[in-house]
Amino acid sequence: MERATAVAELIGRVRAIEARDGVSRASLELIKAELIALASRSELFPPAHFVNVPGRTGTIYHLAEDAGGRFALYGSAGVPGKAQPPHNHTTWASIAGVYGDEHNAFYERTDRGETPDEGRLKKTHELTIRRGNACAMLPDDFHTIEVTGSAESLHLHLYGKTLEDLPDRIGFPSSTGGRVARFMAKPEIYATRIEARELRSLIGAGGELAILDVREEGVHARGHLFLATSAPLSQFELRIGHLVPRAGTRIVLVDDDERLAQRAARVLRRLGYRNIDVLARGHAAWQAAGHELYSGVHVPSKAFGEHVEHRDGTPRIAAADLKAKLDAAEDLVILDSRPMSEFRVMNIPGALDCPGAELVYRVAQAAPRAETLVVVNCAGRTRSIIGAQSLINAGIPNRVVALKNGTMGWHLAGLELERGQSRAAQPPSEIPLKISIEAAARVARRFSIRTVSVNELEKLSENRTLYIFDVRSPEEYVAGHLPGSVSAPGGQLVQATDIYCAVHGARIALVDNDGVRATLTASWLLQMGWEEVFVVKDAVLDSTDPAFVPKAPLCPVLSPRELKEEKDILVLDFGTSLQYRDGHVPGASFAIRSRLADHLQEIGSKNVVCTSPDGRLARYAAADLAGLLGREVRVLEGGTEAWRAAGLPLETGETKLLEPPEDLYYKPYDGKTQIEAAMRDYLQWEVALLEQIRRDPDCRFRDFPAH
């Protein structure tokens, strides 16, 4: 953070110098003095942050850049022997030494462009740049670089514009000139590295921080940091705007060996993000430093469920005992706290779908008699526990229990599940609604939940990340919502917080129409460790504008009917492996976007068409592949959904896989074999999380006084 502050202050002073004095030799002398002062603070630039990439003589690290690509600062690492021929910058530049020697020779062009393809140079002076000195150049000055001596070097390079947008730079083959050549129009820029101990300190400091695991979700599930959000590079452009909505947020990218993370950093910079680091040596370094790695997905939420059950003693009922009560026709209602899409897959016989945040809202309608036993279930454990405890915390008069191990426990007990059902608990009528509002008020008092008006939201977002989540059902959101809000049904938000908000230390504002669902959701987020959580009061929910959708690259397209008539074509499907398994264009191959470079030889000269469920991700993949192949790549218009809608046949199964299906974390019931063993392993994993988080200082669940 100290380096980031020092760099930001430098850029501010340099910006002011240019605004006041313009670009001249005199103003560059002032800029040079500022850069020398920063470079002299060598403690801000430890060698471990600026390691030269193996096999290269030099590596450029990104340090700062304005949103418009102005005032770009880099750390240029080099090894003895690194050299660059005479070149210009087309913008002003200054170079200062941090450590090591970088010898520069400076030239002016004497031919004045008389012959466009050739030029003549005249040397003006030389300087070896090391700690304590610097050079400065106008846009048309030329220089050479050579790292001398026996030690590696690091120099700060400051430019008036980003190196990634200087297409008119030119170079010459020798110190006297010669044939004009294009010079490094788009150099490969790296994000600075951060050591595991530094990341741990950064987490402990408590500021805004997003830790993004850019591997595929299935790989992420094998082992990751507690606070890491799965953000696969394959889907970066589609998800990053919601996960990290503020471009100035501090981001640390994590992978196995830094290569994927550095690619992700370049995508982030292209999208306007600037405050980016890469965890040095990836997950192995984190574990080697003695820190915890977690398997599975949505770990903070899953571990929180176990913490709540242990702390609050949430009552539960075994599947066999519930079955006996059902057979005896006892007075009870079973509320399934999952979304309807999951309920339809499998449910306890007779259960009503009632997603997590809806429980307190709808329970008085579903169980109007205080004598009725209320049983809450999900597929496994977390939403059963949180759902049951929500009703208990709200003080409803009924006895409430969680179904131990949910539908998995029911199945493992040898009991039959229903499938394809759509029964749902109904929204409350007038009296049940009044009861639910009173219950939410009790929760609000216990957890000191703060409210905020719509007019105050803008102030909350000043230089801070603010998530605005509509915690009602997706159908209610579509019918009308607060502009700028994102649909995040409350139960799912608590169940999988990491997929909605990746920025730890951010503010969260929750929206509904009467405060019940927002209040219950807020109570759980506060207990999970989110400190600034607000319920939005009196919001007008009338916008039908869709949530922001990033603009996908333009690509040549063909219709489903046109694709059907194509011969000798390779169709690449970039949907999830589960979507591919359930139905894909006949003959299509399953592919993972971030790994396309590994298959160029297989693709060869074939005509390629890319598809994905709605065609959006396919456009990004097609643009990537076109760049790798140097030729046109087409997209199925409307994606596989359009193929299906056209009545064309689909092929099922894992017929052609370019990559193993590790793009997703497979739930126990997603598998085709050994489902029962997978269920047992999953349930044991959830229970074991409680012991693991006790060892981890990154877990900061909060306890509140009892009633």
Side-chain angles (χ1 to χ4, degrees), residues 242-243 245 298 300-301 304-305 335-342 353-363 365 376 378 382-383 386-387 389-391 393-394 424-425 427-428 433 436-437 439-444 447 449-454 457 460 465-503 506-530 532-544 546-547:
H242 291 307
L243 286 174
H298 315 318
S301 296
F304 180 64
L335 300 179
D336 190 316
S337 60
R338 301 171 299 159
M340 180 59 77
S341 59
E342 293 185 51
D353 185 59
C354 189
E358 305 291 324
L359 286 161
V360 173
Y361 184 60
R362 301 182 186 227
V363 68
Q365 184 77 32
V376 181
C378 64
T382 307
R383 287 171 288 184
I386 299 299
Q389 198 62 47
S390 291
L391 295 172
N393 289 352
L433 177 59
S436 70
I437 291 173
R442 290 191 290 270
V443 172
F447 294 99
I449 292 171
R450 292 177 283 179
T451 60
V452 64
S453 70
V454 172
L457 290 176
L460 284 179
T465 298
L466 175 66
Y467 295 102
I468 306 175
F469 293 130
D470 188 319
V471 298
R472 301 172 301 154
S473 69
E475 294 77 16
E476 290 172 282
Y477 176 84
V478 169
H481 54 265
L482 181 69
S485 64
V486 173
S487 178
Q492 290 305 104
L493 178 56
V494 175
Q495 152 80 3
T497 308
D498 54 325
I499 70 170
Y500 291 99
C501 35
V503 182
R507 291 169 171 162
I508 299 175
L510 305 175
V511 184
D512 68 4
N513 55 331
D514 49 38
V516 177
R517 289 166 283 186
T519 296
L520 267 295
T521 305
S523 74
W524 290 119
L525 293 176
L526 287 166
Q527 292 175 76
M528 290 184 73
W530 297 87
E532 296 195 65
V533 183
F534 305 86
V535 170
V536 180
K537 59 184 179 182
D538 303 325
V540 177
L541 309 176
D542 60 359
S543 173
T544 56

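The first residue in the sequence is number 1, and the count goes up from there.
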(message) According to side-chain hydrogen bond (donor to acceptor under 3.5 Å, both in side chains), who are the partners of His242, at least two apart in sequence or on a separate chain?
(response) none
(request) Could you tell me whether a side-chain N or O of Arg442 sits under 3.5 Å from a main-chain N or O of Ala394, the two making a donor and an acceptor? (result) yes
(request) Show your reasoning for whether side chain to side chain contact (heavy atoms under 4.5 Å, CB included) applies to Phe304 and Gln527. (result) CA-CA 9 Å; Phe304 180 64; Gln527 292 175 76; 3.6 Å; yes
(request) Show your working on side chain to side chain contact (heavy atoms under 4.5 Å, CB included) between Val535 and Arg450 and close with a plain yes or no. (result) CA-CA 6 Å; Val535 170; Arg450 292 177 283 179; over 6 Å; no
(message) List the residues meeting side-chain hydrogen bond (donor to acceptor under 3.5 Å, both in side chains) with Thr521, not counting sequence neighbours, and say none if there are none.
(response) none
(request) Could you tell me the separation between the OG atom of Ser523 and the CG atom of Asn393, rounded to the nearest 0.5 Å? (result) 6.5 Å
(request) Could you verify whether a donor N or O on one side chain and an acceptor N or O on the other, from Arg338 and Gln495, lie under 3.5 Å apart? (result) no
(request) Could you pull out the closest heavy-atom pair between Ser436 and Tyr361, with the gap in Å? (result) CB-O, 3.8 Å
(message) Please report the interatomic distance OH(Tyr477) to OG(Ser543), rounded to the nearest 0.5 Å.
(response) 7.5 Å
(request) Apply salt bridge (Lys or Arg N to Asp or Glu O under 4.0 Å) to Arg517 and list each qualifying residue two or more places apart in sequence or on a separate chain. (result) Glu358, Glu476
(request) List the atom of Thr544, the atom of Ala479, and the distance in Å for their closest heavy-atom pair. (result) CG2-O, 3.7 Å
(request) Test Ile468 against Ile508 for side chain to side chain contact (heavy atoms under 4.5 Å, CB included), laying out the working first. (result) CA-CA 6 Å; Ile468 306 175; Ile508 299 175; over 6 Å; no
(message) Ignoring hydrogens, what is the shortest heavy-atom contact between Leu457 and Ala509? Give both atom names and the distance.
(response) CD2-CB, 3.8 Å
(message) I need the Asn513 CG to Leu482 CG distance, nearest 0.5 Å.
(response) 12.5 Å
(message) Please report the interatomic distance OG(Ser301) to CE(Met528), rounded to the nearest 0.5 Å.
(response) 3.5 Å
(request) Could you tell me the separation between the CG atom of Leu359 and the CG atom of Leu520, rounded to the nearest 0.5 Å? (result) 8.5 Å
(request) Identify the heavy atoms of Val454 and Ala539 that sit nearest to each other, and give their distance. (result) CG2-CA, 3.8 Å
(message) Can you see whether Asp470 engages His481 through a side-chain donor-acceptor pair at a distance of less than 3.5 angstrom?
(response) no
(message) Looking at Gly480, is its backbone amide N or carbonyl O close enough to the side chain of Asp542 to form a donor-acceptor pair, meaning the two atoms are under 3.5 Å apart?
(response) no
(message) What verdict does the side chain to side chain contact (heavy atoms under 4.5 Å, CB included) test give for Leu510 and Phe534, after you've listed the backbone C-alpha separation in whole Å, the side-chain angles of each residue and the deciding distance to 0.1 Å?
(response) CA-CA 6 Å; Leu510 305 175; Phe534 305 86; over 6 Å; no
(request) Mind listing the closest non-hydrogen atom pair of Asp514 and Val516 along with its distance? (result) OD1-N, 3.2 Å
(request) Give the minimum heavy-atom separation between Ala506 and Tyr467, together with the two atoms involved. (result) CB-CE1, 3.6 Å
(message) Assess, by modelled atom type and distance only, whether the side chains of Trp530 and Thr497 contain a donor and an acceptor separated by less than 3.5 Å.
(response) no
